[in-house]
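All values below come from the heavy atoms of this structure, side chains included, with hydrogens, waters and symmetry mates left out. A note on names: the letters A, B, ... follow the listed sequences, proteins ahead of strands, and every chain is numbered from 1.
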Number of protein chains: 2
Amino acid sequence: MSNNAGPVRHARMRERNLGVVLAEVVRHQPVTRARLADLTGFTKTTVSNLLAVLADAGLVRDGGLVHEGERGRPGVAVSVDGDGTAGLGLEINVDYLAACVIDLGRRVRHRHLVAADNRGRSAEAVIEALARLAEQALASATEQGLIVAGAVVALPGLLDRERGLLRRAPNLGWTDAPAGDLLRAGLPPLRLPADQDNEANLAALGELWFGAGRQLGDFVHVSGEIGIGAGIVVDGQVFRGAHGYAGELGHFVVEPGGALCACGGRGCLEQTAGQEAILRAAGLTELTATSAAGTDGSLSALITLLEAGDARALAAVTRAGEALGSTLASVVNLLDPDTVVLGGIFSPLAPWARPAVERALAEGSGTLRGSVPPVVVSGLAGGAAVLGAAGLVLDRIVADPALLL
Amino acid sequence: MSNNAGPVRHARMRERNLGVVLAEVVRHQPVTRARLADLTGFTKTTVSNLLAVLADAGLVRDGGLVHEGERGRPGVAVSVDGDGTAGLGLEINVDYLAACVIDLGRRVRHRHLVAADNRGRSAEAVIEALARLAEQALASATEQGLIVAGAVVALPGLLDRERGLLRRAPNLGWTDAPAGDLLRAGLPPLRLPADQDNEANLAALGELWFGAGRQLGDFVHVSGEIGIGAGIVVDGQVFRGAHGYAGELGHFVVEPGGALCACGGRGCLEQTAGQEAILRAAGLTELTATSAAGTDGSLSALITLLEAGDARALAAVTRAGEALGSTLASVVNLLDPDTVVLGGIFSPLAPWARPAVERALAEGSGTLRGSVPPVVVSGLAGGAAVLGAAGLVLDRIVADPALLL
DNA sequence: CATCATTCGTCCATAATCTGGACTAATAAA
DNA sequence: TTTATTAGTCCAGATTATGGACGAATGATG
C-alpha cells in the first residue's frame with residue numbers, strides 16, 4: 001500500500017528537524033529561541049542545538065534583542081542570514097532570456113532580462129547565451145558576498161526532468177534538446193545540482209512566494225507568454241502529474257477543427273488566447289520581439305489600443321478571455337483550486353480580459369459546488385518564472401538544510 | 001516556504017519505522033527478517049525489534065521456514081496476520097447500499113449489497129438502513145474472529161470531510177446532510193474514527209488495491225454509476241484538491257445549452273453519458289432499481305440489446321463514449337495520468353463504448369505529449385468503491401501502525 | 001534603590017532508538 | 001564430519017531529544 005516515507009535513522013531525524021526549525025525562522029523572521037520552542041514543539045535545549053548547526057552553516061544568525069512579553073529577560077533575535085546563501089534563477093523563453101539571484105532572506109539581489117527571439121536558434125546557441133547571463137549573475141552575487149548554492153532553469157515546454165531533457169517545446173521548435181547537460185557544462189559547478197522545470201510550474205511558485213499567492217495555499221496560476229500553461233499549487237507544492245506534464249492548458253481544444261497549432265493539433269487554446277493570436281485578431285501584425293527590451297513591444301501597442309477603446313482589440317481580448325475562462329472551468333471542476341491567478345500577458349490585459357474570463361468560468365463551473373473560485377490578477381506578470389526558479393533553490397534548502405552540510 | 005513535516009521526536013521516528021517495516025511485509029508477504037533488513041535498510045536487530053512490536057499488536061506473525069539462498073540457515077517467514085485486524089467498507093449510492101469487510105491480508109471476508117432506491121428517502125432513513133448493514137458485517141467479522149479497526153463510508157456527492165457533512169448530492173437530492181454524525185451514532189465505536197469519502201475517490205483506490213490499478217501508480221479512474229466522477233491517483237495517493245471536490249467529471253459542460261441537470265447547470269456530461277441518459281437514449285424507459293438485486297436491471301437490458309446489435313442502443317453508448325472521451329482529453333491534458341481506467345457502468349459497456357472513448361481521447365489530447373495514455377477496463381465494475389473504503393482503513397493502519405497502540 | 005516575579009537561554013543527567021560487531025543456530029556442500 | 005554460509009539475537013555504543021535546574025536579564029513593586 002502507499003507509503004512514501006523511507007526509514008528514519010537518527011541522522012534523518014535531525015535533518016528533518018533542522019528543516020522544521022529553519023522553516024519556522026523563515027516564517028517568523030526575527031524570532032527568539034523560546035518562541036521557536038513554542039512554535040515547533042521542541043524543548044528550548046533542542047532548538048538551541050539545532051540553531052547552532054544552522055548558524056554554523058551560515059543559514060541563520062543572531063541579531064539584537066527582542067522583547068515579546070511585558071516583563072522578563074529579552075530574547076535573542078534569530079533571523080535568516082540574508083547575506084550568505086543565495087539561489088540562481090534562469091529562464092529561457094520564446095522571446096527573452098532572464099536571470100535573477102535571490103538571497104535566503106528573499107530579497108532580489110540581481111535581475112536581468114534580455115529580449116531575444118529564440119525561435120529559430122539552436123538549443124546550443126541559446127543555452128550558451130543563457131550561460132553568459134548566468135555568469136554575470138554569479139559575478140554580481142559574489143561581488144555582494146553571496147554564495148550561490150544552486151540554480152534552476154525555467155523552460156517553456158514538456159521536459160523529462162530525470163534525464164535533463166527538454167522533450168518538446170513547440171513554440172521554440174526544439175525537440176529532445178539536452179538542455180540539462182548543456183547547462184551543466186556551461187555553468188560553474190554549484191553546491192546543489194542544476195535543475196530545470198516547466199516555466200508554468202515555476203511561475204506559479206514565483207507567485208506563491210513573491211506575489212499574490214503569498215496568502216494562498218492552493219491555486220492555479222495561468223502563465224501565458226507565447227504559450228499558455230498552468231501551474232497547479234496544492235498545499236504549497238506544485239502538482240506535476242505522472243510525467244511532469246500536468247497543467248498543459250495551451251493545447252486544450254476550444255474550437256474543434258480550428259486553426260492549426262504548432263503542436264500538430266487544431267483549435268488549441270493557444271490559437272485563440274495565445275499572445276500572437278490575440279495580436280493578430282486585434283489587427284497588429286507581429287513585430288520582432290527585439291523591438292523592445294523587457295516587455296514585448298506589440299503587447300504594449302495592444303494595450304495602447306485597448307486604452308483608446310479600439311473595438312477590434314477589445315473583441316480580440318474578450319474572445320481570448322472567454323476561451324480561457326471556459327478552459328479554466330474544466331480546471332476548476334477537475335482540480336478544485338481555491339483561487340485562480342491570472343499571470344503572464346493576462347496580468348496586464350486583465351482590466352479588459354477579466355470580465356470575460358469570469359463570465360465563462362462561472363458558466364462552466366460552480367453549478368455543483370455553489371461557488372466559483374475568485375480570479376486574482378498577478379502583480380508579477382512575466383517575471384514570475386525566474387523568481388520561482390530562484391525561489392525553488394531556496395525552498396529546497398529550507399526544506400532540507402542538510403543539503404549544505 | 002513549504003514544509004509539511006512536523007518535528008520528529010524519538011517516538012515519531014519509531015512510529016514511522018513501524019510503518020516502513022509493515023508496508024514491506026505487506027508487499028513481500030512471506031518474508032524473512034534478513035530480507036526485510038535488506039529491503040528497508042535497517043539492521044537485522046532493528047527489524048527484529050520492530051517486528052516484535054507489530055506482532056504484539058497482532059499485525060504480523062511468524063509462519064514456517066523459508067529458504068531464500070542456496071545454503072545457510074533458513075529464515076522465519078513473517079507474514080501479515082490476516083486473522084486479526086480488518087476494515088469495514090460501507091457505501092451509500094443512488095440505487096443500492098453496500099458493505100464489506102476486508103482483513104489485513106486483503107481477503108474479502110464479507111460482502112453484501114442490497115438494491116434500494118434511495119432517491120426519495122431522507123438521509124436519516126438511509127443511514128439507518130446502512131447501519132443495519134454494518135451491524136451484519138460486524139457480526140460476520142466477529143464470528144470469523146476478526147477485530148474491525150475502523151470504517152469508511154463512500155458517498156456519492158461533495159462532502160466536507162472535516163465537518164462530516166455531505167454538502168451536496170444532486171442525484172440523491174440531499175443537501176448538507178450530517179452523514180458523519182448520523183453514522184457515528186448508528187455504529188458501535190471502533191478503534192479508529194469512522195470516516196467518509198467521495199465514492200469516486202474510493203472507487204479509484206479500490207481499483208488500485210484490488211483491481212487493474214495494482215500495477216499502476218498514477219491513473220485516473222472513471223466511476224460512473226448514476227453520476228460520473230473521477231478518482232485521481234498520483235503516486236498511490238488520491239488527489240482531492242483544496243476542498244476535496246477534485247475529479248467532479250459529471251458536471252463538465254459537453255453541450256452548452258443542453259439538457260438541464262440536477263446540479264442546476266445545462267449540458268453536463270451526466271446528461272449525455274450518465275446511466276439514465278444512456279438508457280433513455282437507447283429507448284429503455286427506466287425501471288426501478290429494485291427490480292434486480294446487485295446490478296441494475298435496465299443496465300443488463302441495455303447490454304442484451306447491445307449484444308443483439310441494436311442500432312439505437314449502440315448509438316447511445318457511442319455518443320456517451322465520445323462525450324466521455326473528450327472530457328477525458330481535458331483530464332489528460334491537465335493531470336497527465338499514466339493510464340485511464342474505465343469503471344462503474346463503463347466497465348460492462350466497454351466492449352461498445354471503448355472505441356468511441358479512445359477516439360475522442362486521442363483527438364483531444366496527445367497532440368503535444370505524443371502519446372495517449374492507454375484506456376484500461378476495470379474488472380471490479382460497480383463494486384470498487386466499497387472495496388476501496390475498506391482498503392482505506394487498512395491502508396491507514398499500514399502507513400501508521402501506531403494507530404493501534 | 002532593592003527585591004520579586006518573570007522570562008530567556010544553557011547545562012547536565014536521562015531516556016529512547018538505531019547501529020554494528022560478536023555470537024549462536026541451522027542448513028547445504030564438500 | 002567438517003566447512004562455508006545464512007538467519008536471528010545479544011549487548012555495548014553512538015546519536016539525539018527531553019526535562020528539570022540554574023544563572024541571566026528585565027519590568028514591576030515597594
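Nearer the 5' end of DNA chain C, as judged by each residue's closest nucleotide, is the contact made by A:A77, out of A:H10 and A:A77.
Comparing D:dA7, D:dT18, C:dG9 by their closest approach to the side chain of A:F42 singles out D:dT18.
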Working note: B:D195 + B:R161, criterion salt bridge (charged side-chain N to carboxylate O under 4.0 Å, His left out); need CA distance, chi angles, decisive distance, verdict. CA-CA 8 Å; B:D195 202 0; B:R161 292 176 82 216; 3.3 Å; yes
Given the rule in the side chain to side chain contact (heavy atoms under 4.5 Å, CB included) test, do B:N198 and B:R240 qualify, once you have shown the distances and angles that lead to the verdict? CA-CA 9 Å; B:N198 186 286; B:R240 294 197 163 83; over 6 Å; no
Please step through salt bridge (charged side-chain N to carboxylate O under 4.0 Å, His left out) for the pair A:R33 and A:D62, ending with a clear verdict. CA-CA 10 Å; A:R33 286 165 170 75; A:D62 287 355; 3.3 Å; yes
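Although no hydrogens or angles enter the test, the distance criterion places a donor-acceptor pair under 3.5 Å between the side chain of B:D336 and the main chain of A:H243. A:H221 places no side-chain N or O within 3.5 Å of a backbone atom of A:L202 that could act as its donor or acceptor partner. When atom types are taken as modelled, the side chain of B:D81 and the backbone of B:D83 share a donor-acceptor pair closer than 3.5 angstrom.
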Name the pairs: protein N/O against N/O of nucleotides 28-30 of chain C, kept only if under 3.5 Å.
{"unit_1": "C:dA29", "atom_1": "O4'", "unit_2": "B:R71", "atom_2": "NH1", "d": "3.4"}

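Taken residue by residue, residues 47-66 of chain A places heavy atoms nearer than 4.0 Å to DNA chain D at A:L65.
Atom-to-atom distance recorded for B:L36:CG and B:E24:CD is 7.0 Å, nearest 0.5 angstrom. The distance from the CZ atom of B:R106 to the CD1 atom of B:I102 is 9.0 Å, given to the nearest 0.5 Å.
Residue A:R14 has no polar side-chain atom (N or O) positioned under 4.0 Å from OP1 or OP2 of D:dT15. OP1 and OP2 of D:dA17 both lie 4.0 Å or more from every side-chain N or O belonging to A:T43. Between B:N17 and the phosphate of C:dT17, there is no side-chain N or O to OP1/OP2 separation shorter than 4.0 Å.
Residue B:R16 contributes atom CZ, which lies 16 Å from atom C1' of C:dC18 at whole-angstrom precision. In this structure, A:R35 places its CZ atom 12 Å from P of C:dG9, rounding to the nearest Å. B:K44 places its NZ atom 10 Å from the C1' atom of C:dC23, with the value rounded to the nearest Å. For B:R33 and D:dT9, the CZ to C1' distance is 10 Å, given to the nearest whole Å. Between the P atom of C:dC8 and the CG atom of A:L36 lies a distance of 11 Å, rounded to the nearest Å. Atom CG of A:L18 is separated from atom C1' of D:dT15 by 13 Å (rounded to the nearest Å).
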Under 3.5 Å, which donor-acceptor pairs link side chains of residues 47-60 of chain A to any protein atom two or more places apart or in another chain?
{"unit_1": "A:S48", "atom_1": "OG", "unit_2": "A:K44", "atom_2": "O", "d": "3.3"}
{"unit_1": "A:N49", "atom_1": "ND2", "unit_2": "A:T45", "atom_2": "O", "d": "3.4"}

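Residue side chain A:R73 does not reach the base of D:dA25 through any donor-acceptor N/O pair under 3.5 Å, judged by distance alone. Not a single donor-acceptor contact under 3.5 angstrom links the side-chain atoms of B:R9 to the base of D:dA17. Between the base of D:dG19 and the side chain of A:T45 there is a donor-acceptor pair shorter than 3.5 Å.
For A:I147, the CD1 atom counts as loosely surrounded, since its 6.0 Å shell holds 12 or fewer non-hydrogen atoms of other residues, nucleotides or ligands.
Within 4.0 Å (heavy atoms only), B:T46 reaches at least one base atom of the nucleic acid.
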